[in-house]
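Input: a single structure, listed below in structure tokens.
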Amino acid sequence: MILDTNALSAFIDGDAAVGEIMRREDRAAIPVVVLGEFRYGIFGSRHRAAYEKWLDDHLRGFDILLVTDDTAVVYAALRIALKQLGRPIPANDAWIAALALEHSLPILSRDQHFDAVPGLHRKSW
């Protein structure tokens, strides 16, 4: 399963429902795009040090998914398909969706616009 930024935030903050979903999964992955969004989000937080410590202590337990040339091919096709459907999604979320499709993984997110992505399975809490 791939964690979107809102799922990663909820997990780090101790959301029990996200924790339960994660316990049932064989694989937990975080796209590098999500890490960038999360690190950007905590930059001004008064809890920044605690969040960074959590990342330092726990990231090794996740697969970190990097953007590759193969990902770029999936991304471009996805953006074109969504544009043709009249259902574009934010660019960062298109990268996250492309990684989910490339790795054949569902995504854990509260963002309903992922539901517009053909072939992508979204789970929520």
Side-chain angles (χ1 to χ4, degrees):
M1 169 166 299
I2 285 181
L3 277 73
D4 187 22
T5 309
N6 56 50
L8 177 61
S9 295
F11 184 66
I12 291 172
D13 287 340
D15 187 303
V18 174
E20 182 57 35
I21 292 169
M22 295 301 297
R23 277 188 284 286
R24 294 191 305 254
E25 294 298 321
D26 293 330
R27 180 179 181 199
I30 301 172
V32 69
V33 176
V34 167
L35 284 178
E37 287 183 338
F38 185 79
R39 288 187 183 278
Y40 172 75
I42 66 170
F43 186 78
S45 171
R46 62 185 171 157
H47 303 292
R48 179 179 175 186
Y51 287 129
E52 288 177 340
K53 180 172 179 4
W54 190 97
L55 291 172
D56 289 343
D57 292 346
H58 295 93
L59 267 187
R60 66 184 160 274
F62 294 87
D63 293 334
I64 305 302
L65 302 180
L66 304 177
V67 172
T68 66
D69 186 50
D70 290 337
T71 314
V73 171
V74 176
Y75 171 85
L78 172 62
R79 294 288 306 264
I80 290 167
L82 292 174
K83 183 177 182 179
Q84 290 173 341
L85 291 170
R87 302 205 48 200
I89 65 174
N92 278 355
D93 287 344
W95 283 113
I96 295 164
L99 283 163
L101 293 170
E102 178 185 6
H103 293 274
S104 301
L105 292 171
I107 186 166
L108 183 60
S109 178
R110 285 192 164 160
D111 293 338
Q112 293 181 0
H113 57 249
F114 282 113
D115 296 340
V117 177
L120 182 65
H121 177 69
R122 179 181 68 91
K123 294 183 180 184
S124 189
W125 69 101

Full working for side-chain contact (heavy atoms from CB on, under 4.5 Å) between Trp125 and Phe11: CA-CA 11 Å; Trp125 69 101; Phe11 184 66; over 6 Å; no
Rounded to the nearest 0.5 Å, what separation is found between the NE2 atom of His103 and the CE atom of Met1? 15.5 Å
For the CD1 atom of Ile64 and the CG atom of Leu59, what is their distance to the nearest 0.5 Å? 5.0 Å
So, taking the atom named CE in Met22 and the one named CZ in Phe62, what distance separates them when rounded to the nearest 0.5 Å? 5.0 Å
Using modelled atom types only, decide if a donor and an acceptor are shared between the side chain of Thr71 and the backbone of Thr68 within a distance under 3.5 Å. yes
Could you tell me the separation between the NZ atom of Lys123 and the CD1 atom of Ile21, rounded to the nearest 0.5 Å? 7.5 Å
Within the supplied structure, the quantity of interest is the number of heavy atoms (other residues, nucleotides, ligands) at a distance under 6.0 Å from Gln112 CD; does it exceed 12? no
Test side chain to side chain contact (heavy atoms under 4.5 Å, CB included), reference Ser109, set Ile2, Thr5, Asn6, output is Asn6
Name the orientation class of the two ring planes belonging to Tyr51 and His47 (parallel below 30°, tilted from 30 to 60°, perpendicular beyond 60°). perpendicular
Testing the basics here: between Val18 and Ala7, what is the closest heavy-atom pair and its distance to 0.1 Å? CG1-O, 3.9 Å
Report the residues that fulfil side-chain hydrogen bond (donor to acceptor under 3.5 Å, both in side chains) with His121, sequence neighbours left out, ordered by chain and then residue number. none
Ignoring hydrogens and angles, write down the donor-acceptor pairs under 3.5 Å from the side chains of residues 78-100, residues two or more places apart or on other chains.
from	atom 1	to	atom 2	distance (Å)
Arg79	NH1	Tyr75	OH	2.5
Asn92	ND2	Glu37	OE2	3.1
Asp93	OD2	His113	NE2	2.6

Nearest 0.5 Å, please: how far is CD in Glu102 from CG in Asp70? 5.5 Å
Point-to-point distance, once rounded to the nearest 0.5 Å, from CZ of Phe38 to CG of Leu55: 5.5 Å
Smallest heavy-atom separation, Pro118 atom then Leu101 atom, equals O-CD2, 3.8 Å
Assigning hydrophobic clusters by single linkage (Ile, Leu, Val, Met, Phe, Trp, Tyr; side-chain heavy-atom cutoff under 4.5 Å), is Tyr40 placed with Val33? no
Same apolar cluster: Leu66 and Leu3, side chain cutoff 4.5 Å: yes
Is the count of non-hydrogen atoms from other residues, nucleotides or ligands lying under 6.0 Å from Arg46 atom CZ greater than 12? no
Do Val32 and Val73 sit in one hydrophobic cluster, given that two such residues count as connected whenever their side-chain heavy atoms are within less than 4.5 Å of each other, even indirectly? no
